[in-house]
Amino acid sequence: MEVIAAASRRQGSHGDMLSLSAGQPSTPAPRPVLAAARDMLDREILGYTPTPGIPELRRRVAALHTDRYGYEVDPASVVITTGSSGAFTALFLAAFDPGDVVALARPGYPAYRNALAALGCEVAEFDPADRVRFQPSVADLERLTAETGAPPAGLVIASPANPSGAIIDAGELADIAAWCEAHGTLLVSDEIYHGISFGRRCASAWEFSRNAAVIGSFSKYFSMTGWRIGWMLVPDDLAEAVDTLLGNLNICAPANSQFAALKALGPEAARELDGHVERYAANRDLVLGRLDELRLPLVAEPDGAFYAYVDASAYTSDSLSWCREVLDATGVALTPGVDFDSRDGGSTVRISFAGAGGDIAAALDRLAAHFAR
Ligand SMILES: Cc1ncc(COP(=O)(O)O)c(C=O)c1O
């Protein structure tokens, strides 16, 4: 967020900022969504909806899971939330008590750590043995359990992950889900980047365990970040608590976003959205093709999402200051690794390729010229 503020100051003062730091698509919501939202303003009262969401959207999200992964979902298990962020807050509150140990792989999305810490949970960050994708395995969970003396109350995983884009292997996810079931560990599977992948399959935790919580979002593939709409597939034993909490925390997700999101799930939107994924794939090739020249080797395999997580140790061990310097010198905004990895993030940086191809190429040219000096 500091970098985003600095980037917008740069744009204000110089007008030349190029962002490789955005954690969101550079495109608006799909056209049918925009049309539906306009229409709804005239047609609907847009008051509170039922807390878990309008029934039609719950049905359509359930059907999305059947289409994508082949498993059946009872729409009663789907709750619509204010982005996936709203789902995480309600789920963590429902599932965990102060002092509970919740495990997270390093590097990872910082909001899990921050939200869990704010709730008084003990966040157990661990280094996965997998040094290619940095995704957890059963061996990691066994090691952590031996170290802490008990299985964790929860495990939060993300695939594709932020900042790395790495996708967890389906077989490994199956093993993790089985281990979590056997050890009473709540598996929280962040699947919000599903739909944006480059050849490797994104498996869903509900293929393997209905005790897991699956989190989805309209923010990334569906290009609707500011509409604040996401969803969760809730395990039966947490359904009542999640519903009560959401009723108190949010009452409901934004009504217009819910009606409009129905259109995001249709074929016309899919054509537009798949076009964005093709652009991300081309952008990814562009970025990966320049990393050697930039002396920024990949830390992990960018299988999905729109990020490359790179090692900047050739330049810095203080990535936050370095990103500021690079922004000042070139107008290119990068995201320092410090938030994703509080231990090693001083020498890592996240490059986002969510933007327009021309802007990304121009940003890479500026970086190359700057580093060559
Ligand atoms: C891994 C991950 N999970 C969750 C979120 C939150 O997304 P939202 O609340 O917009 O669904 C983000 C946002 O960048 C993310 O990268």
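Every number for a ligand or one of its atoms is a count from 1 in the order of the listing.
- An N or O contact shorter than 3.5 Å links Ser85 to ligand 1 by distance.
- In this structure, Ile192 counts as a contact residue of ligand 1, since one of its heavy atoms falls inside 4.0 Å of the ligand.
- If you look at Tyr112 next to ligand 1, the close heavy atoms, those under 4.0 Å, all belong to the side chain.
- Put simply, no part of Phe218 is less than 4.0 Å from ligand 1, judged by heavy atoms.
- By the neighbour-count criterion of 12 heavy atoms within 6.0 Å, atom CG of Asp292 is sparsely surrounded, having that number or fewer from other residues, nucleotides or ligands.
- Atoms of ligand 1 found under 4.0 Å from any heavy atom of Gly83 (numbered from 1 in listed order, with element): 9 (O), 11 (O).
- For the pair Arg228 and ligand 1, the shortest N or O to N or O distance falls below 3.5 Å.
- Those atoms of ligand 1 with a heavy atom of Tyr193 less than 4.0 angstrom away are 1 (C), 14 (O), 15 (C), 16 (O).
- Checked by atom type and distance alone, the side chain of Gln258 pairs as donor or acceptor with a backbone atom of Ile54 at under 3.5 Å.
- The number of heavy-atom neighbours closer than 6.0 Å to CZ of Arg68, taken from other residues, nucleotides and ligands shown, is above 12.
- Counting heavy atoms of neighbouring residues, nucleotides and ligands inside a 6.0 Å radius, atom CD of Glu56 exceeds 12 of them.
- Looking only at protein heavy atoms, the nearest one to atom 15 (C) of ligand 1 is Tyr109 CE1, 3.5 Å.
- In the candidate list Thr81, Ile229, Asp190, Asp190 is nearest to atom 3 (N) of ligand 1, counting heavy atoms.
- Below 3.5 Å of separation, one finds an N or O of Ser84 facing an N or O of ligand 1.
- Under the 3.5 Å distance criterion, with hydrogens and angles disregarded, a donor-acceptor pair is assigned to the side chains of Ser313 and Asp311.
- Looking only at protein heavy atoms, the nearest one to atom 10 (O) of ligand 1 is Ser219 OG, 2.6 Å.
- Between His194 and Tyr221, the side chains place no donor N or O within less than 3.5 Å of an acceptor N or O (distance only, hydrogens not considered).
- Short contacts between ligand 1 and Lys220, defined as distances under 4.0 Å to a heavy atom of the residue, involve ligand atoms 13 (C), 14 (O).
- Ion pairing between a basic and an acidic side chain is recognised when a charged N comes within 4.0 Å of a carboxylate O; Arg10 and Asp328 show no such pairing.
- Contact detail for Tyr309 and Ser164: the closest heavy-atom pair is CB-CA, 3.9 Å.
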